[in-house]
Amino acid sequence: MDATLNRIALEQAKAMAAKDTLDHGVLGSFSSRVAPARAGRAAENIAYGYDGFEKTLGQWIDSSGHRKNLLLPKASRVGVASAKSATSHRTYWAMVIAGEYEPRPKAAGKTTTPAAKRKPAVQSCRLKLLSLCF
């Protein structure tokens with residue numbers, strides 16, 4: 001789970017619920033919305049009508065386009081959120097999947113620790129699916 005991606009997904013879910021419309025572009029282009037995540041590649045799945053995450057995820061797995069996003073090569077981060085429409089009472093879902101951090105420009109005179117010497121991030125999973133931890 002990634003805090004930045006969770007925030008991006010929550011903003012998308014809330015905007016769709018507020019307008020009661022399922023639309024990737026409700027807040028602008030996906031590329032502009034996901035830019036703060038510094039992802040080399042990213043994808044977004046959206047849905048509405050399912051009260052629980054399990055049913056929503058099942059629908060995405062059963063859909064070839066959504067499944068392709070779930071299987072995004074080298075994906076290592078995910079954000080998931082839902083919001084309920086005050087008008088229709090539908091639950092809107094957004095999932096942002098990302099990987100391959102864009103490298104930060106190196107500052108003059110600074111050195112970085114080689115990847116082999118860095119401590120691996122500790123990850124706690126409640127659910128592991130397609131190499132993604134939820």
Side-chain angles (χ1 to χ4, degrees):
M1 294 298 281
D2 182 277
T4 301
L5 297 180
N6 278 337
R7 180 187 51 76
I8 293 167
L10 182 58
E11 289 170 356
Q12 175 69 11
K14 284 181 174 181
M16 290 187 301
K19 293 187 177 183
D20 215 358
T21 184
L22 187 69
D23 181 4
H24 287 281
V26 72
L27 285 176
S29 72
F30 177 66
S31 59
S32 68
R33 290 186 293 106
V34 79
R38 298 182 355 264
R41 48 186 12 205
E44 178 179 63
N45 286 347
I46 59 175
Y48 76 87
Y50 301 97
D51 289 330
F53 178 71
E54 293 79 15
K55 288 183 181 180
T56 304
L57 182 61
Q59 181 269 329
W60 287 332
I61 290 170
D62 292 341
S63 161
S64 62
H66 293 103
R67 185 177 179 83
K68 183 178 176 184
N69 289 343
L70 292 171
L71 297 172
L72 183 72
K74 298 185 181 179
S76 59
R77 302 177 288 145
V78 65
V80 180
S82 66
K84 192 166 267 208
S85 166
T87 309
S88 68
H89 306 290
R90 289 181 183 143
T91 301
Y92 285 84
W93 291 89
M95 173 188 271
V96 182
I97 304 155
E100 299 180 346
Y101 278 99
E102 291 177 351
R104 287 185 174 178
K106 289 186 179 180
K110 289 194 174 185
T111 59
T112 58
T113 305
K117 292 186 179 182
R118 289 187 206 132
K119 290 183 180 180
V122 177
Q123 207 171 30
S124 174
C125 299
R126 291 190 326 200
L127 170 68
K128 190 162 187 171
L129 175 71
L130 306 173
S131 300
L132 297 173
C133 272
F134 295 95

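The model shown is predicted, which means the values in this text are computed figures rather than measured ones.
Among all heavy-atom pairs drawn from Ser82 and Leu10, the shortest one is O-CD1, 4.1 Å. The heavy-atom pair separating Ser85 from Ser88 by the smallest distance is OG-N, 3.1 Å. Met95 approaches Val80 most closely through the heavy-atom pair CE-CG2, 3.8 Å. Heavy atoms only, all atoms of each residue included: Ile8 and Arg33 are closest at CD1-O, 3.4 Å. In this structure, Ala9 and Ala81 approach most closely via the heavy-atom pair C-CB, 3.7 Å. The two residues Ala42 and Leu72 come nearest to each other via the heavy atoms CA-CD2, 4.0 Å.
Considering only residues two or more places apart in sequence or on other chains, Asn69 meets the side chain to side chain contact (heavy atoms under 4.5 Å, CB included) condition with Ala43, Asn45, Ile97. Every residue two or more places apart in sequence or in another chain was checked for a side chain to side chain contact (heavy atoms under 4.5 Å, CB included) with Lys68, and none qualifies.
For the pair Pro73 and Arg41, the minimum side-chain heavy-atom distance is below 4.5 Å. Between Val34 and Glu44, the closest side-chain pair of non-hydrogen atoms is not below 4.5 Å.
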Between side-chain atoms of residues 51-60 and protein atoms elsewhere (two or more places apart, or another chain), which donor-acceptor pairs fall under 3.5 Å?
residue	atom	partner	partner atom	Å
Thr56	OG1	Gly52	O	3.0
Thr56	OG1	Trp93	NE1	3.2
Trp60	NE1	Ile46	O	3.3

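In this structure, the side chain of Arg77 engages the main chain of Ala37 through a donor-acceptor pair within 3.5 Å.
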Open item on the list: Go through it in stages, so that I can follow the logic: the residues are Gln12 and Val26, the test is side-chain contact (heavy atoms from CB on, under 4.5 Å), and I'd like the CA-CA distance, side-chain angles, deciding distance and then a yes or no.
Closed with: CA-CA 7 Å; Gln12 175 69 11; Val26 72; 3.6 Å; yes
- [ ] Could you go through the side-chain contact (heavy atoms from CB on, under 4.5 Å) check for Arg90 and Tyr48 one step at a time?
- [x] CA-CA 6 Å; Arg90 289 181 183 143; Tyr48 76 87; 3.1 Å; yes
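Defined by atom type and a distance below 3.5 Å, a donor-acceptor pair is present between the side-chain atoms of Asp20 and Tyr92.
Both Tyr50 and Val78 belong to a common hydrophobic cluster when Ile, Leu, Val, Met, Phe, Trp and Tyr are linked at side-chain heavy-atom distances under 4.5 angstrom.
Between atom CG of residue Leu71 and atom OG of residue Ser64 there is a gap of 11.0 Å, rounded to the nearest 0.5 Å. Remark: Met16 CE to Thr21 OG1 distance equals 9.0 Å, nearest 0.5 Å.
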